[in-house]
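Here's the structure we're looking at; comments come further down.
All values below come from the heavy atoms of this structure, side chains included, with hydrogens, waters and symmetry mates left out. In what follows, chains are A, B, ... by sequence order, proteins preceding strands, each numbered from 1. Remember, it's a predicted structure, so these values are computed and weren't measured experimentally.
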Amino acid sequence: MQYTLLTRDKHSEARCGVLSTAHGEIRTPIFMPVGTAGTVKAVHTRELKEDINAEIILGNTYHLYLRPGMQILHAAGGLHRFNGWERPILTDSGGFQVFSLTDTGRKITEEGVTFRSHIDGSKHLFTPENVIDIQRQIGADIVMAFDECPPGTSDYVYAKRSLALTQRWLERCVARFDTTESLYGYEQALFPIVQGCIYKDLRECSAEHAVALDRAGYAIGGLAVGEPADEMYAMIEVVNRILPQDKPRYLMGVGTPENILEAIALGVDMFDCVMPTRNGRNGMLFTTEGVINIKNQKWEKDFSAIDPAGLCYVDRDYSKAYLRHLIKSDELLGLQICSVHNLAFYLWLVGEARQHIMEGDFVEWKRGMVKKITTRL
RNA sequence: GGGGAGAUACCAAAGUGGCCAACUGGGGCAGACUGUAACUCUGCUGGCGUACGCCUUCGUAGGUUCGAAUCCUGCUCUCCCCA
């Protein structure tokens, strides 16, 4: 996996680059739609490619391992073959699920995490080793280290102990990864995850430890989990001072369009978030003019385009009033339109960011854009 | 024509003397959602007031009672069964 740094902004840490993978190139900064269970919810792969211009999507180790299970994914020849997405895929390790799922029957030990399936209650064990094995079987281009993602409100003592465990797990992930091979004949890369909550010294320690393991890219995890945005930005700044310039940086699970632009300015290259799809399914639309709650009565008779900028065919084909009707009526097409629109918006936004970094006016452009896209319509 | 059942807030539907401005759904109106157990969750939904509260409501007109959506009488309407 090769990352080529193309441009560095003169007025911020923002940068443009290209990440080359076995399944194609990714222009950075990039947003990666989340496809937890092997599908970006309510969106066709054809729309992802042609209308949204997604260059890479996510899958999730925890969910895919539970269903359909490794036997089927392996028999299919990996996730790319299984779901028909021939562009790059990144899989999250399941570390976040360990944190986010209810803790009934969940137990964290040195070895790994035992947990109960949310589907049938069955007991399972994730270890750094088997999580790497699973991601080998899924065949993701980028596989994530198995980490513990503590809550944003964790105290220092807990954060420090948690980070130490994450670091030991990371070394085991690296060892397993480096002694195994891709099952399907193409290159995979392992990204470590920097943790440390909102504590500067822990973040620095985590970043230095990860960099020493010399990987193709690095992730920043454990942010946007309850801490104020300013603290998140401060942590990104701290970590990015240590992460190498010639490797991509991935901020996990973030975020709002504003978060993404601010993080790009701090030198982040890759993002993923459920927000455009989940919030979209719940009627929240991100547009070039501001944020819309399509369920609100004010759109009842508004027959104008979803987004006048017309970023995507759904913006041209459907009106706000019609989309409101669909969502209010629980029609499936509404979920699809909202998801496609929001993803198209996110991909458009990072595309614009790339453009302005190249042109040298990123910071100025960002200032105006943040104001527009955070407006409540 | 005869017999029976019923009329409750936007809809459906509980409540059958005080704990009822009235359970619960639905609908409506808002809000939340950040490495997806999420087409989910939360709040509000007679009027006025931030609130204690006050006012007007349970087909309609009267009555009984300290007190009625709840009991009695007349009227209006709806539904079901038999002819």
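With ring centers used as reference points, His124(A) lies under 6.0 Å from Tyr65(A).
Residue Gln195(A) is in base contact, counting any heavy-atom pair closer than 4.0 Å across all strands shown. Here Gly222(A) lies in heavy-atom contact (under 4.0 Å) with a base. Note on Leu332(A): a base of the nucleic acid sits closer than 4.0 angstrom, heavy atoms only. Looking at heavy-atom distances under 4.0 Å, Arg376(A) makes contact with sugar-phosphate atoms alone, never a base. Across all strands shown, Asn259(A) has heavy atoms under 4.0 Å from base atoms, whether or not it also approaches the sugar-phosphate. Base engagement by Asn279(A) is indicated by at least one non-hydrogen atom pair under 4.0 Å involving a base atom. In this structure, Ile193(A) reaches the bases: a heavy-atom distance under 4.0 Å links it to at least one base atom across the strands shown.
The side chain of Lys298(A) contributes no N or O atom lying less than 4.0 Å from OP1 or OP2 of C29(B). Considering only side-chain N and O atoms, Asn282(A) lies nowhere under 4.0 angstrom from the phosphate OP1 or OP2 of A32(B). Close to U34(B), at under 4.0 Å from its OP1 or OP2, lies a side-chain N or O of Arg278(A). Contact between the side-chain N/O atoms of Gln297(A) and the OP1/OP2 oxygens of G28(B) is not found at any separation under 4.0 Å. Taking 4.0 angstrom as the limit, Arg324(A) places a side-chain polar atom (N or O) nearer than this to OP1 or OP2 of C29(B). In terms of phosphate contacts, Ser100(A) brings a side-chain nitrogen or oxygen within less than 4.0 Å of OP1 or OP2 of A37(B). Under 4.0 angstrom from either OP1 or OP2 of G31(B) there lies at least one side-chain N or O belonging to Asn296(A).
Rounding to whole angstrom units, CZ of residue Phe345(A) and C1' of U34(B) are separated by 15 Å. We find that CG of Leu335(A) is positioned 8 Å from P of C39(B), with the value rounded to whole Å. Rounded to a whole Å, the CD1 atom of Ile292(A) is 16 Å from the C1' atom of A30(B). When the C1' atom of U34(B) is taken as reference, atom CD of Glu262(A) falls 15 Å away, rounded to whole Å. A37(B) atom P lies 5 Å from atom CD of Gln97(A), rounded to whole Å. In this structure, His63(A) places its NE2 atom 4 Å from P of A37(B), rounding to the nearest Å.
With a 3.5 Å ceiling on both atom-pair distances, the Watson-Crick or G-U wobble partner of C79(B) is G4(B).
No cation-pi contact links Arg249(A) to Tyr3(A), judged by a cut-off of 6.0 Å to the six-membered ring centre and 45° from its axis.
For Thr277(A) against U36(B), a side-chain N or O and a base N or O form a donor-acceptor pair under 3.5 Å. A donor-acceptor contact under 3.5 Å is not formed by the side chain of Asn60(A) with the base of G35(B). Scanning atom types as modelled, no donor and acceptor separated by under 3.5 angstrom connect the side chain of Asp330(A) and the base of C39(B).
Electrostatic pairing of Arg172(A) and Glu129(A) counts as a salt bridge here, judged by a charged N lying under 4.0 Å from a carboxylate O. Salt-bridge annotation for Arg161(A) and Asp155(A): absent, with no side-chain N of the basic residue lying under 4.0 Å from a carboxylate O of the acidic one. Looking at Lys366(A) and Glu262(A), a side-chain N of the basic residue comes within less than 4.0 Å of a carboxylate O on the acidic one, giving a salt bridge. Looking at Lys247(A) and Asp214(A), a side-chain N of the basic residue comes within less than 4.0 Å of a carboxylate O on the acidic one, giving a salt bridge.
Among G28(B), U36(B), U40(B), the nucleotide with an atom closest to any side-chain atom of Lys328(A) is G28(B).
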